[in-house]
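Worksheet: one structure, shown below.
Just so we're on the same page: letters track the sequence lines, and every chain starts at 1. These numbers come from the heavy atoms of this one structure, side chains and all, not from hydrogens, waters or symmetry mates.
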Amino acid sequence: MATNPLFEIRKIRLEKVKALRERGLNPYPSKAVRTNYAAEILRAYETFDGKQVQVAGRLMSFRKQGALAFGHIQDQSGRIQLFFRRNLVAPTDATRGTLGYADLNLVDLGDIVQTQGKVVKTERGEISILIEEFKILTKAIRPLPDQWSGLKDREQILRKRYLDTTLDRESHQRFGLIAAMTKAIREFLFSRGFIEFNTPIIQPQYGGGTARPFKTHVNALGVDMYLAISHELYLKRLIAGGYDKVFTIGRYFRNEGIDRSHHPEFSMVETMTAYENYEYNMNLIEQLFKYVAENVFGKMEFDVRGHKISFAEPWRRIKMNDAVKEKTAVDFTLLKSTEEANDVLKKFNINEECSTPGEAINIAFSSLIEPELIQPTIVYGHPVDISPLAKPSAEDPRFAERFEIFIAGMECGDNWSEQNDPAQLLETWKKSYRAEERDSGKFHTLDFDFIEALEYGIPPTTGIGPGVERMAMIFTGQDNIDDVIFFPLMRPTISPTNAELYGVQEPPAPVSEDVAFSDDEFVELCQNGALRPESGEIVVKPHWRLCQQTKTGKWNVSGHIELQGFHLNGIIRVCGYRFESEEKPELSSDKNFEKWVEKLSADLQKSFPGNKILVSPIE
RNA sequence: GGGUUGGUAGCUCAGCGGUAGAGCAGCGGCCUUUUAAGCCGUUGGUCCAGGGUUCGAGCCCCUGCCAACCCA
């Protein structure tokens, strides 16, 4: 590899580490002294003026000017200026651990340092620490990204969040506020008599919702288990155990898509309150949001996705079916059959199909009304068909005692009166359960252990489950869930630079292997047994490419096949069909390519008679 | 899954067929009140990867990888 500039910078800094040691200074001491934070001093300059302080943090700027030097030190609270006068700074001294003015060339931006000095104002009026002692607490051997422009590369921001929060004050504050939010949620619940429990993340059954789970293996017990997709059923067991107001701030794992508002691993505040029903929770969740708004953010109005959201007013409450009726002028409760319901959905240009008329209400609601719910809104009365864990309403058993809250078009909490009738719950679960699609995430699993707990009896109970990240997005005005999760999930990588620096031969987790062969080569490898499918089904996907050469005007046609089923983590590409033509060829009628694909499929079948070969249409 | 845009120095970016560029950071100097300090000098590049077109490709074409945004 050619010289990487970073290597040079790193080498120079490592030499500085050595130079510090030669002067008897430890570049990585274990203890520091800090009397004050930067922001504290700036805030109350009058009381600090002329006083000795010790401040520790990261050196973020440094400019030397002959016998004077200026710099900024950044700690958790903010930044304060350092002001060096050559004759005031203690000389390099191994016993005291100080670094003198003459040795300041051993200091780099990004080093963690400790300073001692008097609080003063410079001629230009900036509050500063006039340095008397300067110590290195940690020598940084990699340079920070450019401070003025900051870290712009989105991927780097997400992968190296510590750099993002070091360079971007706004980002630093945002994650601080999110932490404060979690604290406030706890305070709020404690103040209302809730107690906090931990519930298991590794669960033998992943109940409490419908989502595809993450599977894991417990070596000590020799069994497969799942990461929690929900903590609900465990909170209910706590109610069964005699605790009346419980909550957990749990981690949830759902092995599904990632997008602006979904992340495979997220947090939820989940409560259970015994001897209450869902009406209690409508008030609880409204008060929770208001408490956080007021106590963490000190305001009631928030900007979310271009909308002004207010938590000040009492939230609007509307029945789901009324909302749909208002919008569509159709009373979905009058629809008798699934066919009829699907016809109505189509009439409103909704592609999704329902499997019960009740589900149709929810589908219509999600696509037509949900995006328009900007101000905090409580939508209640979901169809029982889609609410297996909720208790049916006493007035109208077609609907459940369930409500969701919507803010800025986002669902921010799903809540209900808990179904505590064990026989009915078991029946509901069994009705939809399909063993062969167990982990498809389409239905609730059968948790007999939980049913047993219900048979001992749990009191009438109700719970709320607002998502912490969704709340954070609303309160901090972020459109992307990655900006409220400090460590978002990323594909693992190792940069070539690091691979060389650290002597890593291979990336720790290769994720996909795509291999390309020519057709002859491929057929031969199959016949002599060098290549074998790992799955019973082989999917053959023929692809077309057409391009016109700019110079000659000729048309290049190339065809290849992508094969799925050989590698579980990658595809095999078989190339070899190619021709050139003066006229623009008509691809749909190219019989030769079809024959080429057919021949290859036939060869495949011959090599692997036990496998099912599926040929997709030409793309 | 579909579309759009991007990947060039440690960082932020320019260059869009004809010798690889700037600012910051780094390194060597000068400088006693700086605020993204300044001035002089200087180091540093598999221009994401592979293929193609061309006398010649960072730039054009194809494929792939990675990312962002929008849509489903």
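- One can place CZ of Arg159(A) at 9 Å from P of rA68(B), the figure rounded to the nearest angstrom.
- Within 4.0 Å of Glu126(A), counting heavy atoms only, lies at least one base atom of the nucleic acid.
- The interatomic distance linking Leu163(A) (CG) with rC11(B) (P) rounds to 10 Å, in whole Å.
- Between the side chain of Arg254(A) and the backbone N or O of Arg212(A) there is no donor-acceptor pair closer than 3.5 Å.
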Under-3.5 Å N/O pairs linking protein and nucleotides 5-8 of chain B:
none

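- For Arg79(A) and Gln74(A), the side-chain atoms include at least one donor-acceptor pair closer than 3.5 Å.
- Of the C1' atoms belonging to rC55(B) and rC71(B), the separation is 45 Å, rounded to the nearest Å.
- If you take CD1 of Ile258(A) and P of rC66(B), they are 13 Å apart, rounded to a whole angstrom.
- Taking atom P on both rG56(B) and rG18(B), the two are 15 Å apart, rounded to the nearest angstrom.
- Nucleotides rG45(B) and rC61(B) place their C1' atoms 25 Å apart, quoted to the nearest Å.
- The pairing partner recorded for rG6(B) is rC66(B), the criterion being a Watson-Crick or G-U wobble arrangement whose two distances lie under 3.5 angstrom.
- Taken residue by residue, residues 68-89 of chain A places heavy atoms nearer than 4.0 Å to RNA chain B at Leu68(A), Phe70(A), Gln81(A), Phe83(A), Arg85(A).
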